[in-house]
Amino acid sequence: MIRAVPVLPDGRVRTLCRMCDSRCGIEVHIRNSVLADITPAPDNPGNQGRLCPRAHAALDLFYHPDRIQTPLKRTPNGAFEPIGWDQALDEIAGRLKAIVDQSGPPAVGAWKGEGVGFFQQEGYIRRFIRALGSPNYFSNDSVCFNGRWLGHHLVNGFWNPFPYFDQADLILLFGSNPPVCHPPFLREFADARVRGARLVVVDPKLNPIGCWADVYAQPRPGTDAALIWGLIRLVIESDRYDHDFVDRYVVGFEKIAAYAQRFTPEYVEAESGVWADVVRTIGDLIVRNRPRVSLYAGAGLEHHPGGVNTVRASVILSCLAGAMGRPSGLFWPESPRLASLDSRNLFLENGGRPIGADRFPVLAQMAGEGHSLSAVNAMLDSGEHRLRSLLVMAANPAVTNPNVLKVREALSRLDLLVVSDFFLTPTARLAHYVIPGATFLERTELHVHPKYQTLYLAPQVVRVDGIPTGYELWRDLAGRLGLAEWFPWPDETAVIRHLLEPGGWTIDDLTAHPEGIQYAPLRFDRCLNEPLPTPSGKVEFASQYLKNLGLDEIPEYRPPEAFLPASPEFPLTLITGARKSLLYHSRHGNIDRFRRVHPKAEAEMHPDDARNLGLENGDTIRLVTAGGALIVAVRIVHAAEIRPGVIELYHGWEEAPANLLTLDEVNDPISGFPWLKGVPVRVEKI
Amino acid sequence: MNIVYVDLDRCVACRNCQLECSFRQAEITRDDGANIWVQVDLDHRAIFTSTCLQCETAPCLAACPAGGLTRDPATRAVVVDRNACLGCGMCLLACPFGHIHLEQAGRVASKCDLCGGDPRCVRVCMAQALHFGDVEELAEARRERSGRRLAVRATHREEAAS
Ligand code: SF4
């Protein structure tokens, strides 16, 4: 049993759930020094007194019997032995020092996972690796999130991933399943719907939200951009877009208007399989409901080699639909005045050229990070640029990065792999040292919610002797490497005081307002009144910046065949990465009650495809792609549920990783994203 | 009296309620059959979610030959007494909506007991389709909303006409 010391023996602590990035308001109940329950906080605007079932799993994780509670060292025979904190850090620091002395700081990299979020914990990791003198910061964002982040930033210089859907008259969801991925969206959708708002869902898989929609379209994976261009064409043709907006704010309208011409509804149908009439219906809905249009581009749009262009096209469509400067659409949130633990710009000014910057300069220049797929190559390199050591925090690339066999081979070649996590994940099992990871309940952390422009302090709820917070880990390691001046704060509270200084807030202010402090009034029209943070200061339908790099000036559509020629060898299409309601990527598979709901890996298939292949429900099949093969059970779904010819496989199964099949070397030229959705595949009955 | 009420216009079939209910059932009985049901009809792209209405004149209560169903004096919910229940299934047949099921582990009836007054399904309904409240108040909220919707439609029509 874990040695938990809650901050109070009995009572409730208000904090934020960090079981996903929605960060709902919660109350943790403590009874007799035990964390007994998690209930919704009454006044958080995001979750409004409700929670999804994953929130409670924070306690399942916290008290999990398999949780790592002391540092572990791998012995020559592959087993792990517990060692003391000081010994672990002394040895890690010693080995790091030797590597830096021999090969220079860039031989060391750090890799952040989704598990620790995107702000303060990410800041520690970026700060540490920069203090060491290495540009090699990598993250989970290489395979999720960055594609959309770049797509939005390239067009209008900002991204508000959470618009006010409740203010919309038309919501368009592309490649997203919010009931599972973004539960707080649901209240807003429902508010809009009961007011009479229309909903369009575009997804190769019919999820229940598609049943709730007015229009559901089931495109061939990887062809959303054709549909979006078709809609752009219809909006331009209707002449109901805002000419004044285009004249004043937009660069490149003529170019996109000319390019859109070929995307007639019939052409869109031929490319995407979405009927021409449905294309016209969606176009008509946009024209009739503009400007209160919320277009949400889900991860489904970014997980393939045409991802960034698809997202850029979707932003252009939003702009033409009048969404700029509206709460339901695109607005430029303000950031709070906080000290930075490591700004991306500083990193670049210091000449940081992380691994992958040569192949994917946009990623390095705009997101300030290396390309994790190239990092894997660099670990396998034998030359002087070999990446020799990696510090992994709350990431599990041995399951969640494409081409996992290669990833595992690369990780096992490292001279030093340190992994911080709760459990011995497949990645941790390859490590030389494993450091116990703290759950969000064990740390004090600032959170910024750009949608509401609020700042929250999520206080520590419980302390566990022997399990360091993220801050303690980086501070103590830096201290041993002679880098103590980079982490001068004694503890997390002191870090937060430092972060708050520029804005003049105090910890007491934030503690007094567990519902958050609004740091600036919401100005939805800011993006219409200030020059945008793009090279031209305008909305860039066409990007000179990309053109100068030899990339697509306007977000051209390329069908999947442009990235890998169609071949009779792989007649079907694999999509991975759709979420399961209780699992979270590779996490939560070890929570028994969740496991009963999602007991085993299954590839989902259309009944027609199953019949053609002579398959019955539950049969074992082998999936084969250009990347590899995987044996898994088949589940034949309802004929409406998936597009014929498409196979769906969840990406987080440890025992059947879909990433045996995904392609790490067919990349989006802008973001460097791998091919995770729409991969050509063959099914063999065994 | 307070019941769990499903606002079908808001339900997106995320199934959180059903999952949460089955987790609670498993804690009590090791049987994870839920007592709230989310049905998705993929042929017609339709969603239907329902749970026990705690009827004032409950047919299940009347049909029980063994005193296995009683009315909880605090919450007014119809609850199963797992010791008295014979598992005969009369209540399942009597309920016009199919809102009772037979628990596999104990072979006794299982139904919504409102979690003793703090229904967990409502807590996890992020869409706010589920409400726990007095049936009269809920009906009033519903009346108001449908009125508003008609008014909005009328305005839209006028706008479209002008
Ligand atoms: S949606 Fe669920 S997991 Fe995500 S923050 Fe909210 S309660 Fe937690």
Side-chain angles (χ1 to χ4, degrees), chain A residues 22 24 37-40 46-57 60 169 177-180 182-197 199 201 206-216 288-289 581-582 591-594 596-598 637-642, chain B residues 7-27 30-34 38-49 118-132 141-142 144-146 148-157 159-160:
Chain A
S22 297
C24 296
D37 200 3
I38 289 181
T39 55
N47 57 311
Q48 297 198 352
R50 314 273 177 135
L51 283 180
C52 91
R54 282 191 300 244
H56 206 272
D60 298 71
D169 287 338
N177 186 18
V180 170
H182 301 289
F185 287 5
L186 301 185
R187 193 269 309 161
E188 299 200 26
F189 290 172
D191 282 357
R193 293 288 276 154
V194 296
R195 230 191 342 94
L199 175 68
V201 172
L206 173 59
N207 292 306
I209 187 131
C211 295
W212 198 55
D214 296 290
V215 178
Y216 167 67
R288 277 195 289 128
N289 290 289
S581 64
L582 297 171
I591 297 175
D592 285 349
R593 64 200 163 96
F594 285 11
R596 281 203 300 275
V597 179
H598 305 295
V637 298
H638 186 281
E641 220 172 323
I642 201 158
Chain B
D7 182 345
L8 281 175
D9 288 344
R10 299 185 70 100
C11 177
V12 290
C14 71
R15 296 184 191 275
N16 282 354
C17 54
Q18 196 171 327
L19 291 168
E20 193 68 19
C21 184
S22 87
F23 295 154
R24 177 170 181 272
Q25 296 302 321
E27 280 164 25
R30 298 196 337 272
D31 176 286
D32 47 18
V38 179
Q39 297 175 73
V40 180
D41 176 348
L42 290 163
D43 286 318
H44 303 96
R45 294 211 286 114
I47 295 168
F48 186 73
T49 296
D118 180 17
R120 278 180 30 187
C121 53
V122 176
R123 193 197 281 182
V124 295
C125 183
M126 299 290 278
Q128 301 184 7
L130 295 182
H131 296 272
F132 181 55
R142 177 101 207 213
E144 242 174 53
R145 199 178 71 212
S146 46
R148 208 166 40 232
R149 194 147 46 168
L150 287 176
V152 170
R153 286 218 181 110
T155 342
H156 274 179
R157 263 201 305 277
E159 274 171 13

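Proteins come first, then strands; the chains are lettered A, B, ... in the order of their sequence lines, and each starts at number 1. Since the structure is predicted, the reported quantities are computational estimates derived from the model, not experimental observations.
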Please examine the side chains of [Y] and [X], heavy atoms only from C-beta on, and report whether any two atoms are closer than 4.5 Å.
X: A:Cys24; Y: B:Met126; answer: yes
X: B:Cys14; Y: A:Val180; answer: no
X: B:Val12; Y: A:Phe189; answer: no
X: B:Asp9; Y: A:Arg193; answer: no
X: B:Asp43; Y: A:His638; answer: yes

Contact origin within A:Arg54 toward chain B - heavy atom pairs under 4.5 Å: neither

Per-residue contact mode, A:Glu188 against chain B (heavy atom under 4.5 angstrom): neither

Chain A contact via [X] - which portion, at a heavy-atom distance below 4.5 Å:
X: B:Arg123; value: both
X: B:Leu19; value: side chain
X: B:Ala26; value: side chain
X: B:Asp7; value: neither
X: B:Gln128; value: both
X: B:Val40; value: side chain
X: B:Cys11; value: backbone
X: B:Val122; value: both

To the nearest 0.5 Å, what is the distance between [atom1] ([X]) and [atom2] ([Y])?
X: A:Leu186; Y: B:Asn16; atom1: CG; atom2: CG; value: 8.0 Å
X: A:Arg596; Y: B:Ser22; atom1: CZ; atom2: OG; value: 7.5 Å
X: B:Phe23; Y: A:Leu582; atom1: CZ; atom2: CG; value: 4.5 Å
X: A:Arg593; Y: B:Glu20; atom1: CZ; atom2: CD; value: 7.0 Å

Chain A interface, residue from B:Cys17, B:Ala13, B:Cys125 that has the most non-hydrogen pairs under 4.5 Å: B:Cys125

Check against salt bridge (Lys or Arg N to Asp or Glu O under 4.0 Å), B:Arg10 and A:Asp191: CA-CA 8 Å; B:Arg10 299 185 70 100; A:Asp191 282 357; 2.6 Å; yes

Option that, when pairs with chain B are counted at under 4.5 Å, heavy atom only, ranks first among A:Ser581, A:Pro183, A:Ala640: A:Pro183

Pairs of heavy atoms under 4.5 Å with chain B: top-ranked of A:Pro53, A:Pro40, A:Ala55: A:Pro53

Exam field: side chain B:Arg45 to backbone A:Gly210, donor-acceptor pair closer than 3.5 Å: yes

Closest heavy-atom pair and its distance - B:Leu130, A:Arg50: O-NH1, 2.9 Å

Residue pair B:Ala46 / A:Cys211: nearest heavy atoms and the distance that separates them: N-CB, 4.3 Å

